[in-house]
Amino acid sequence: MKVMIGLEIHCQLSTKTKLFCSDSIENAEPNKNVCPVCLGFPGSKPKINKKALDYGIMVALALNCKINKSMFFSRKSYFYPDMAKNYQITQYEIPLAVDGFLETEDGKIRIRRIHLEEDPAKLLHVGGDITSAKYVLVDYNRAGVPLLEIVTEPDFTSPKQVREFLEKLSSILEHLGVYDSSREASLRVDANISLEGGERIEIKNISGFADVEKALNYEIVRQKGLLRMNVKIERETRHYDAERRITKSLRKKEYEEDYGYIFDPDLPEIEITEDWIKQIKANMPELPHDRVKRFVSMYGLNEYQAKVIVYTDKYLADFFEECCKSYKKPTEAAKWIITYLLKSLNWHGISIRQSKIKPKDFVEFLELIDKKVITERYAKELIKDYVDTGVSPRKIVESKLTKIDDSQLEKIIEDVIKENSKAVEEYRTGKTKALEFLIGVVLSKTNKQADPKKIREMLLKKI
Ligand code: ADP
Ligand code: MG
């Protein structure tokens with residue numbers, strides 16, 4: 001059954017101030033970053049933040065869009081407590097940019113439009129979610145934060161492709177420096193999905209790429225079930241309940257025409273000149289796909305390694321390059337980052353940016369392996385302790401290697417030989433694997449505080 005998915009993505013731009021006033025967008029106590037403009041007081045007048053336009057133009061260029069030479073803002077009217085003015089300032093008739101694309105492994109995704117708008121206030125649903133809360137608190141700090149809305153054509157054919165696209169897109173936004181991925185819900189996705197024979201369903205406001213994928217997978221199963229039973233699927237807006245991993249109906253879909261868009265007379269028409277675009281082009285940072293290519297040619301990584309390091313998160317790519325300044329075997333560094341460091345970080349559910357890992361310590365760690373101070377096998381354990389504690393691997397090794405002296409170790413080895421006579425016998429009859437087993441037992445008895453190489457030597461002498 002053919003699946004069609006299209007996205008509307010809202011990205012909070014990391015400007016210093018809001019889109020139409022000079023309030024900060026930094027985190028603060030609720031309702032601190034507010035003023036007459038973003039609270040919609042009578043007589044207040046919005047003023048456009050040029051930085052937000054610069055950022056919008058950068059993203060439009062990175063997504064291969066055509067930028068409109070002249071554009072304006074409109075009022076989208078609706079009544080809801082998240083919008084004190086009862087209208088949102090957005091772009092409707094003529095957006096900032098149109099007709100772009102972004103490549104995925106499974107083909108091109110066309111970008112229909114990119115426009116700027118203000119974020120509404122944040123609603124805090126207390127005692128439940130949007131469908132069940134007892135009451136709602138409103139935080140207007142978020143009202144007026146610049147959002148860039150990116151709308152795709154319905155070109156996606158699977159939830160997995162959606163996830164890849166979102167990872168690529170967020171990497172582009174990070175490389176451009178226009179958004180901060182560590183901010184809560186800085187990228188929010190509305191996903192539209194239809195199956196052949198049914199109307200489309202919109203799932204609103206999902207944050208987190210894994211949740212977007214899960215919500216879409218859930219919808220495919222749900223809609224297939226309905227179609228199989230000949231139930232008509234009508235247009236509808238749904239909400240994703242991340243805890244129960246299901247979608248729930250919010251309302252029958254309203255149409256854009258219902259919002260009664262009008263031109264906002266408080267804001268001027270904005271002309272985007274060739275010079276302006278040229279200037280931004282000249283100062284564009286390196287984009288992730290160029291960085292992948294450079295990692296292959298400059299550091300000799302294979303394409304897979306380069307992609308993992310660049311697309312996992314810009315901070316990781318920066319970390320890798322920082323390591324390579326003093327460590328001259330980039331492919332070794334890449335191997336340890338991808339296979340062991342990332343695994344450990346994932347296990348803890350943190351990004352490298354949230355961790356205490358530092359390039360200098362990591363390079364020392366790689367050098368410990370190169371100089372055979374530690375075995376690879378021990379290194380795999382050590383990296384876990386490193387991620388756990390943030391203590392530099394060199395320090396961990398130094399403290400552990402000195403904690404057990406030879407006579408203590410000898411005693412432990414003798415005990416292990418006594419207690420594991422079967423394995424000793426096996427080793428003597430030629431099963432070399434039994435030795436590894438014995439080393440492992442000794443190692444764990446020493447709480448990994450002895451050097452595996454030394455254990456091996458001493459064991460061999462005794463059996
Ligand atoms: P609206 O104006 O009602 O929001 P649009 O036509 O502008 O609707 O489309 C909004 C989003 O829905 C876009 O991201 C688009 O790609 C997606 N979309 C449109 N048609 C379909 C469809 N049949 N199946 C899935 N997604 C769709
Ligand atoms: Mg929209």
Side-chain angles (χ1 to χ4, degrees), residues 1-11 59-60 63-66 68 71 74-78 80 87-88 90-104 106-117 120 147-166 168-170 187-207 209 211-224 226-227 232-240 247 249-262:
M1 202 178 276
K2 222 179 116 205
V3 174
M4 252 165 101
I5 302 167
L7 304 178
E8 292 164 275
I9 301 143
H10 293 93
C11 165
V59 176
L63 296 178
N64 312 291
C65 292
K66 295 192 191 89
N68 279 316
M71 55 178 203
S74 296
R75 296 178 174 183
K76 174 180 182 172
S77 297
Y78 64 91
Y80 209 58
Y87 63 82
Q88 178 191 28
T90 178
Q91 296 189 300
Y92 178 58
E93 299 85 347
I94 303 184
L96 171 68
V98 294
D99 288 341
F101 65 88
L102 180 60
E103 296 280 359
T104 69
D106 302 321
K108 222 178 229 186
I109 302 299
R110 290 169 298 159
I111 308 289
R112 181 186 293 177
R113 57 185 276 140
I114 297 182
H115 71 248
L116 277 164
E117 62 187 28
L147 286 184
L148 199 65
E149 179 168 336
I150 301 168
V151 183
T152 78
E153 295 293 341
D155 289 346
F156 298 91
T157 53
S158 74
K160 192 169 145 276
Q161 190 186 16
V162 169
R163 176 139 181 200
E164 184 206 334
F165 174 93
L166 289 172
K168 280 211 159 130
L169 177 67
S170 95
L187 208 69
R188 307 193 296 271
V189 177
D190 300 344
N192 294 268
I193 174 164
S194 64
L195 266 57
E196 212 172 353
E199 289 249 36
R200 85 175 123 109
I201 300 294
E202 178 175 23
I203 316 164
K204 273 266 181 225
N205 257 325
I206 325 169
S207 44
F209 304 158
D211 279 349
V212 175
E213 196 181 0
K214 281 183 207 150
L216 286 168
N217 278 322
Y218 176 84
E219 264 311 293
I220 291 176
V221 173
R222 190 185 70 86
Q223 291 184 28
K224 267 189 186 163
L226 291 177
L227 289 172
K232 211 169 141 226
I233 297 178
E234 286 181 61
R235 265 185 80 170
E236 181 188 30
T237 301
R238 298 179 72 87
H239 153 76
Y240 181 61
T247 65
S249 182
L250 275 182
R251 54 181 179 260
K252 293 290 163 212
K253 166 80 186 173
E254 61 292 306
Y255 291 82
E256 287 299 331
E257 302 83 86
D258 300 340
Y259 287 108
Y261 284 93
I262 55 162

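Residue indices begin at 1 and follow the sequence shown. Read the numbers this way: they start at 1 and go in the same order the structure lists the ligands and their atoms.
- Below 3.5 Å of separation, one finds an N or O of P154 facing an N or O of ligand 1.
- Salt bridge K76/E117: absent, no basic N to carboxylate O contact under 4.0 Å.
- Within the structure, the closest approach of R235 to ligand 1 falls below 4.0 Å when heavy atoms are considered.
- For ligand 1, the polar-atom distance check finds an N/O of L7 within less than 3.5 Å of one of the ligand's N/O atoms.
- Contacts with ligand 1 closer than 4.0 Å are made by heavy atoms of both the backbone and the side chain of M4.
- Looking at D258, T152, D190 and measuring to atom 13 (C) of ligand 1, the nearest heavy atom belongs to T152.
- For the pair K232 and E234, the salt-bridge criterion is not met [side-chain N within less than 4.0 Å of a carboxylate O].
- Heavy atoms of V151 found under 4.0 angstrom from ligand 1 belong exclusively to the side chain.
- In this view, R188 and D119, N205 satisfy the side chain to side chain donor-acceptor pair (under 3.5 Å) rule, not counting sequence neighbours.
- Under 4.0 Å is where a charged nitrogen must lie from a carboxylate oxygen, and between E164 and K168 at least one such pair does.
- Contacts with ligand 1 closer than 4.0 Å are made by side-chain heavy atoms of R112 only, the backbone lying farther away.
- Residue E153 has at least one heavy-atom neighbour below 4.0 Å for each of these atoms of ligand 1: 16 (O).
- A salt bridge links K204 to E202: at least one charged side-chain nitrogen sits closer than 4.0 Å to a carboxylate oxygen.
- In this structure F209 satisfies the ring-ring contact (aromatic ring centres under 6.0 Å, His included) test with no other residue, sequence neighbours excluded.
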